[in-house]
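See below for the structure under consideration.
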Amino acid sequence: MMAAAKSSCAKRLNRIEGQVRGIARMVEEDRYCIDVVTQIAAVRAALKIEEVILQDHVGCCVEHAIESGDKDEQRKKVAELVDVLGRVRG
């Protein structure tokens with residue numbers, strides 16, 4: 001993973017971790033359901049981090065496979081992307 005993407009992801013994941021802990025506290029404190037659901041939606045939006053990671057993967061790992069000229073490696077990287085996109089969207 002490239003340094004800029006790694007740093008960005010680490011910051012976002014730390015924020016998400018804090019949000020999830022906050023949601024757990026809200027549930028323990030019997031906070032208003034709509035407030036809890038609103039916070040869950042915020043976490044879901046923050047989890048769009050997968051797009052950043054996938055872009056980094058394509059720009060680094062897939063690009064390297066293409067530049068290498070290794071057809072087996074290229075097929076492997078494309079198969080990985082197809083598989084993960086199927087799981088993410090499925």
Side-chain angles (χ1 to χ4, degrees):
M1 187 175 280
M2 293 190 272
K6 187 174 185 176
S7 175
S8 173
C9 288
K11 288 176 187 175
R12 189 179 285 191
L13 288 168
N14 285 332
R15 189 171 344 126
I16 291 167
E17 180 182 16
Q19 288 175 307
V20 170
R21 280 195 307 267
I23 292 168
R25 268 192 313 276
M26 291 175 78
V27 170
E28 289 172 9
E29 296 169 356
D30 290 324
R31 298 277 297 274
Y32 187 56
C33 295
I34 297 302
D35 293 340
V36 175
V37 171
T38 299
Q39 290 306 309
I40 292 170
V43 169
R44 186 176 294 120
L47 285 172
K48 300 288 183 189
I49 190 171
E50 67 193 349
E51 292 173 17
V52 172
I53 295 170
L54 283 171
Q55 286 175 347
D56 183 75
H57 179 70
V58 169
C60 186
C61 300
V62 175
E63 184 177 318
H64 177 72
I66 292 168
E67 289 174 350
S68 75
D70 183 337
K71 297 292 184 189
D72 290 334
E73 188 65 16
Q74 293 168 359
R75 286 184 188 98
K76 178 182 172 188
K77 295 302 177 194
V78 170
E80 287 175 344
L81 280 174
V82 170
D83 181 55
V84 78
L85 290 174
R87 284 185 276 140
V88 167
R89 294 187 176 154

Quick one: do [X] and [Y] end up in the same hydrophobic cluster if we chain Ile, Leu, Val, Met, Phe, Trp and Tyr together by side-chain heavy atoms under 4.5 Å apart?
{"X": "Ile53", "Y": "Met2", "value": "no"}
{"X": "Val52", "Y": "Leu81", "value": "no"}
{"X": "Val37", "Y": "Leu47", "value": "no"}
{"X": "Val78", "Y": "Leu54", "value": "no"}

Out of curiosity, [X] [atom1] to [Y] [atom2], how far, rounded to the nearest 0.5 Å?
{"X": "Leu85", "Y": "Glu50", "atom1": "CG", "atom2": "CD", "value": "9.0 Å"}
{"X": "Met1", "Y": "Ser7", "atom1": "CE", "atom2": "OG", "value": "11.0 Å"}
{"X": "Thr38", "Y": "Ile23", "atom1": "OG1", "atom2": "CD1", "value": "10.0 Å"}
{"X": "Gln19", "Y": "Ile40", "atom1": "CD", "atom2": "CD1", "value": "11.5 Å"}

Exercise. Taking all non-hydrogen atoms of both residues, which atom of Gln74 and which atom of Ile66 are closest, and how far apart?
Worked result: NE2-O, 3.2 Å
Problem set entry | Non-hydrogen atoms of Ala65 and Glu73 that approach each other most closely | CB-CG, 3.8 Å
Problem set entry | Ionic contact status for Glu28 with Arg25, cut-off 4.0 Å | no
Exercise. Can we say Asp72 and Lys76 salt-bridge, meaning some charged N sits less than 4.0 Å from an Asp/Glu carboxylate O?
Worked result: no
For this session: Evaluate the side-chain proximity of Asn14 to Glu17: yes if any heavy-atom separation is below 4.5 Å, no if none is.
Result: yes
For this session: Would you check if Glu80 and His57 make a side-chain contact, meaning some heavy-atom pair closer than 4.5 Å?
Result: yes
Exercise. Would you say the side-chain atoms of Ser8 pair up with the backbone N or O of Ala4, donor to acceptor, closer than 3.5 Å?
Worked result: no
